[in-house]
Amino acid sequence: MAEAKGGGEVAIVGVTKRFGPTVAVESLDLVVPHGSYCCLLGPSGCGKTTILRMIAGHETPTSGDIRIGGTSVLGLPQVQRGTAMMFQSYALFPHRSVLDNVAFALKMRGAGTAERHAKARELLAKVQLDKFADRLPAQLSGGQQQRVALARALITNPRVLLLDEPLSALDEYLRLRMRGELRRVQKELGITFIHVTHTQLEAIAVADTVVVMAQGHIEQAASARDIYVAPRNAYVARFIGGQNVLGGAVESVLDGTAAVTADNGSRFAFQVGDGRPPRGARLYGSIRRDRIAIEKLLPGAKPPSGLNTVVGEVHTIENQGSYVKVTLDLAGETEEFVANVADDKFFANALEIGDRVVARWSASDVKLLDAGPLAHDPAAAGAAMAGGR
């Protein structure tokens, strides 16, 4: 089913989209390689769905170009673009059987009954629904309806499948199952998937490349692992989650390590390599929540000092199964600080809400960030390429 090499490459070149005075996407460049799974991730209003709709032909860029397989698709009708869309609402025909729902697009293209039913049965087998071909959509579960919608989108043999929040209507159990199913089908078919979501774990679970967006710009485009373990800036670190953002003014630099003092007096060590940031310059770093060790302070004990050591009060405790999420209130800080503690370590000496604790981590686990709270560099962000940081 896969097209020739490069047939499903999607290139967004200098695209801007305005709706009246509102700029939804600005000077955006992105390349999604043929046969890859790309997730556009970001909060509501960041421009990710607008990008999907422009690729599909439901919207036209104000400026710039969109190419599929190396050829501009601007001005082409949707049916000639080689794309198919899977919507958040499955929009299945309630009066048609599963088989006829999947085969409908081929019927509209003039295919005979035997041809379109044979193709529909082939796709239903791929999504493991061939035994349900004669049922009506109302006789299926939500997850089964989602797979019918997937098969229907694939029947036209698209080069690119566009998925708009495809799992949002499912409960948590079905979401976990179906994101694995989407990844399996994409690998089997070898076509390009572009998937819009606002759910961080969903993007990390399925995508070869995650594109994190904010305010119509790309903040970072990289592999799912790089997005998680090496966020580019504080915005990405905060949005993806699993990280605490640290920041402060440079106090000194010695042997490739900068001592940084936060506004509340906490002191951190950032590895800066050959860099020599001047005294007083602000640096930002991130530390993964699962790289933090915490221990209870005895009543009356003097708080420890030193780099990469903070003292706080336990604000919330959430058991996540394999780990316990412990949120701390730090003096002088409005942003939460979180440690994910392995369950066996936590319950060996369990904490309670209100306990005073000390949290520590290694300087080698701190990742230096490009910039602070929402400091995307439009020039750098706009030039992001899927598959590279």
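Keep in mind that what you see is a predicted model, and the values were worked out from it rather than measured.
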Side chains of N233 and E219 only: does a donor on one sit below 3.5 Å from an acceptor on the other?
yes

For residues T257 and D255, is any side-chain donor paired with an opposing acceptor at under 3.5 Å?
no

Using 30° and 60° as the class boundaries, would you call the ring planes of F270 and F268 parallel, tilted or perpendicular?
parallel

Exercise: do D100 and H117 side chains pair donor with acceptor under 3.5 Å:
yes

Test of understanding: clusters of I, L, V, M, F, W, Y form through side-chain heavy atoms closer than 4.5 Å, transitively. Do Y323 and I353 belong to the same one?
no

Got a salt bridge between D263 and R282, using NZ or NE/NH1/NH2 to carboxylate O under 4.0 Å?
yes

Any donor-acceptor N/O pair, Q271 side chain to G256 backbone, under 3.5 Å:
no

Testing the 3.5 Å rule here: is there a donor-acceptor pair between the side chains of R81 and Q78?
no

Tell me whether V326 is reachable from V338 by hopping between hydrophobic residues (I, L, V, M, F, W, Y) whose side-chain heavy atoms are closer than 4.5 Å.
no

K17 with E26: basic N within carboxylate O range, under 4.0 Å
no

Could you tell me whether D226 and R232 have a side-chain N and a carboxylate O separated by less than 4.0 Å?
no

State which residue, out of V102, L123, V127, fulfils the side chain to side chain contact (heavy atoms under 4.5 Å, CB included) condition with R147.
V127

Are R184 and E188 ion-paired here, with the side-chain N under 4.0 Å from a carboxylate O?
yes

Quick test of your reading of the model: are R279 and E251 salt-bridged, counting only N-O distances below 4.0 Å?
no

Would you call D65-R67 a salt bridge at under 4.0 Å N-O?
yes

Is E202 paired with R175 through a side-chain N to carboxylate O contact shorter than 4.0 Å?
no

Please check if any side-chain donor atom of H315 sits under 3.5 Å from a side-chain acceptor atom of E336, or the reverse.
no

Whether R360 and E295 form a salt bridge (side-chain N of Lys/Arg under 4.0 Å from carboxylate O of Asp/Glu) is what I want to check.
yes

Mind listing the closest non-hydrogen atom pair of L330 and G312 along with its distance?
CD2-CA, 3.8 Å

Any link between I294 and W361 through a network of hydrophobic side chains (Ile, Leu, Val, Met, Phe, Trp, Tyr) touching at under 4.5 Å?
yes

